[in-house]
Amino acid sequence: SSDFASIKNIVYYKKFLNLQELGKYISGKNSTNFIGHQTIWKDIHNVIAGSNIKFSLEDFSLCTANNSLKKNDRLDNFRFSKTNDFKLSNLDKDIKTCVEERLMSDADIAVTISGGLDSSLIAIYANQFRKYSNKRTGFYTCLLQPNGKPTKDLIFSRKLADKLDVELNEVNPLTNDQDYNAEILIEATKKIIYSHRSPINLLTTTFPNYFISEAVSKDGYKAILDGVGGDEMMGGYAKAHLKLYYSNMIYGKKINTFKFLKNFLFHEILIRKDYKNSLIKILKPFITKHKNKLIFKSDIDSTAKLIIDNLKLNNEKENFIKNGFNDIYNLYEEKDKLLTYKSLQEHDLFTYRMMTFLEMIDTTSMVHGVENRSPFLDQRLLKYLNMPDNFKFRFGLNKYALRKLIKEKGFKFLSDRALKEGSSSPFPLSIFKNNKIRTLINKSKFLIDLIGKDNLFEFSLDPFFNAKFLSIVILENINDF
């Protein structure tokens, strides 16, 4: 009975929002969990990956021990030299081993395919091992806005499945009825929030992973292999060229400035064919009035800025929210001081981006009792952060080493694919203006207190605003904060 009473007290415990963490969430640049020990709830702390907690019998307090999940210095400091040259064959062997070990299981395992380099390479390896296994290996993709014509990602996913001679399970969560689709979105968000008890970004990988995990679970699979970490490990973000061009120019690194400018031009002109905007971006350091400051600052989310400028709380509460909001942009300013591809990759892996993605995929898969496994995040691959830059970016193409590997395996149509559309929601952005969603938003006591009723009605016409706050409104309804 005492155990039951304790559980009841936890369930009915009155929770209060941590306003500083709320400010971070509003920024649009941060997912509140896994970034640190704080959560969206006041006095409720997170035990982040690699940490442990200690309970004091003296004062009955909890404290979190130092994070034990650190970079493997031996691998991280590995250098490719004349006597130990970088070889594609070694990269091939290492990634293949990481995939093989994650296929070791008593249960059947599925593989997600997005049409990009990372997930495609994982699928190629998994298919090789599948032929010698007595376990099932299924291949899945999520249709993104499937009521229109097939996206390029879907076309390339189908080509890959045909080449591998496997069945591609295309998960289609939507119907032709927009009102019914809004109900699907709301119910999916409720299930995620009931499990997660924190707000979550609804515009990136959240829904694709949720619906794929749902289908995978129904088909009897217990784990999914994905391509998460491929961009961070292998050099996948072309925005790095411009960041590094700016920062090296400011710090007077002339040779590197020219190198990153060249890579930027290759990508923008040869690949994206964006002539006008690329010229403006190149000239920005020469026309800005702030030559002594870092000029590649992350653009402030316009919806987030609108919210911050229209807060209706008392000064103390507003300051907490604004401090959290500014903390995130300070984190991004630190990133703008980095001068090499490797330093940007490490920042994405060990501070913000990867932790955010892991939260989203772990949350949405575990709702269905499915485990995500990411071969590219194996620590043995850390040494490839040190591979020569021309194997990360060459001739405007990113992840050049992976492209070479995929081409050698006979999948030239994938290696030649210059641009990928990227992860997005299967729901069109316009669905967040649906009356059912707007009604939920406008009834929120929390949002009325936060920005005022009149502002709320006006802001709810913005689909980005509703996408940002729908999960918080559902959280409000189940926690009564």
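Computed from a predicted model, the values in this text were never measured in an experiment. The first residue of the sequence shown is numbered 1, and numbering continues consecutively from there.
Interatomic distance, F207 CZ to I184 CD1, rounded to the nearest 0.5 Å: 10.5 Å. Taking CG from N323 and NZ from K24, the interatomic distance works out to 10.5 Å, rounded to the nearest 0.5 Å. Rounded to the nearest 0.5 angstrom, T364 OG1 and H196 NE2 are separated by 9.5 Å. Distance check: D454 CG to N310 CG gives 11.0 Å after rounding to the nearest 0.5 Å. One distance of note links CZ of F465 with NZ of K433; it measures 15.0 Å at 0.5 Å rounding. Note: L470 CG to I186 CD1 = 6.5 Å, rounded to the nearest 0.5 Å.
The residues R417 and D153 are annotated as salt-bridged, a charged nitrogen and a carboxylate oxygen being separated by less than 4.0 angstrom. Using a 4.0 Å cut-off between charged side-chain N and carboxylate O, E183 and K436 make a salt bridge. Salt bridge R158/E170: present, at least one basic N to carboxylate O contact under 4.0 Å. Salt bridge absent: K96 and D92 never bring a charged side-chain N and a carboxylate O closer than 4.0 Å.
Within the 4.5 Å cutoff, side-chain heavy atoms of T97 are placed close to those of E101. D108 has its side chain out of reach of K222: every pair of non-hydrogen atoms, C-beta onward, lies at least 4.5 Å apart. Taking the side chain as every heavy atom from C-beta outward, E167 and Y140 never approach each other to under 4.5 Å. Looking at heavy atoms from C-beta onward, N127 lies in side-chain contact with F139 at the 4.5 angstrom threshold. E371 has its side chain out of reach of D362: every pair of non-hydrogen atoms, C-beta onward, lies at least 4.5 Å apart. Residues K409 and I124 are in side-chain contact: their nearest non-hydrogen atoms beyond the backbone lie under 4.5 Å apart.
Q178 and N434 share no side-chain donor-acceptor pair at under 3.5 Å. Side-chain contact check for N201 and Y25: no donor-acceptor pair (N or O, by modelled atom type) lies under 3.5 Å. Between the side chains of Y275 and E268, no donor N or O sits under 3.5 Å from an acceptor N or O.
Relative ring orientation between F469 and F446 is described as tilted, the plane-to-plane angle lying within the 30° to 60° band.
Around atom CG of D165, no more than 12 heavy atoms belonging to other residues, nucleotides or ligands sit under 6.0 Å away. Within a 6.0 Å radius of NZ in K404, other residues, nucleotides and ligands contribute 12 heavy atoms or fewer. For CZ of F413, the number of neighbouring non-hydrogen atoms (other residues, nucleotides, ligands) closer than 6.0 Å is greater than 12. Within a 6.0 Å sphere centred on CZ of F464, other residues, nucleotides and ligands contribute 12 heavy atoms or fewer. Counting heavy atoms of neighbouring residues, nucleotides and ligands inside a 6.0 Å radius, atom OH of Y237 exceeds 12 of them. Environment of CG in N277: crowded, with over 12 heavy atoms of neighbouring residues, nucleotides or ligands closer than 6.0 Å.
Using modelled atom types, one side-chain atom of Q345 and one backbone atom of M233 make a donor-acceptor pair closer than 3.5 Å. Of the possible polar contacts, one joining the K468 side chain to the I26 backbone as a donor-acceptor pair under 3.5 Å is found. With hydrogens and angles ignored, the 3.5 Å screen pairs no side-chain donor or acceptor of S471 with any backbone N or O of P199. Between the side chain of N326 and the backbone N or O of K322 there is at least one donor-acceptor pair closer than 3.5 Å. Of the possible donor and acceptor atoms, one in the side chain of S217 sits under 3.5 Å from a partner among the backbone N and O of H368. The backbone N or O of E359 sits less than 3.5 Å from a side-chain atom of T363, completing a donor-acceptor pair. A donor-acceptor contact shorter than 3.5 Å links the side chain of K135 to the backbone of D106. Remark: side-chain polar atoms of R403 are paired, donor with acceptor, to backbone N or O of N398 under 3.5 angstrom. Not a single donor-acceptor pair under 3.5 Å links the side chain of R373 to the backbone N or O of I109. Between the side chain of N455 and the backbone N or O of I451, at least one donor-acceptor pair lies under 3.5 Å.
Taking the ring centre of F411 as origin, the terminal cationic atom of K163 falls inside the region bounded by 6.0 Å and 45° from the ring axis. A cation-pi contact links R438 to F457, judged by a cut-off of 6.0 Å to the six-membered ring centre and 45° from its axis.
Between Y341 and F393, the distance from one ring center to the other falls under 6.0 angstrom.
Residues satisfying the side chain to side chain donor-acceptor pair (under 3.5 Å) criterion with N442, sequence neighbours excluded, are S460. Under the side chain to side chain donor-acceptor pair (under 3.5 Å) criterion, D226 pairs with N372, S374, not counting sequence neighbours.
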Legend entry - Pair D462-F432, side-chain contact (heavy atoms from CB on, under 4.5 Å): steps then yes or no: CA-CA 8 Å; D462 177 3; F432 287 98; over 6 Å; no
Inset, instruction - Take I224 and V111 through the side-chain contact (heavy atoms from CB on, under 4.5 Å) test and state the conclusion after the steps. - result: CA-CA 5 Å; I224 304 177; V111 181; over 6 Å; no
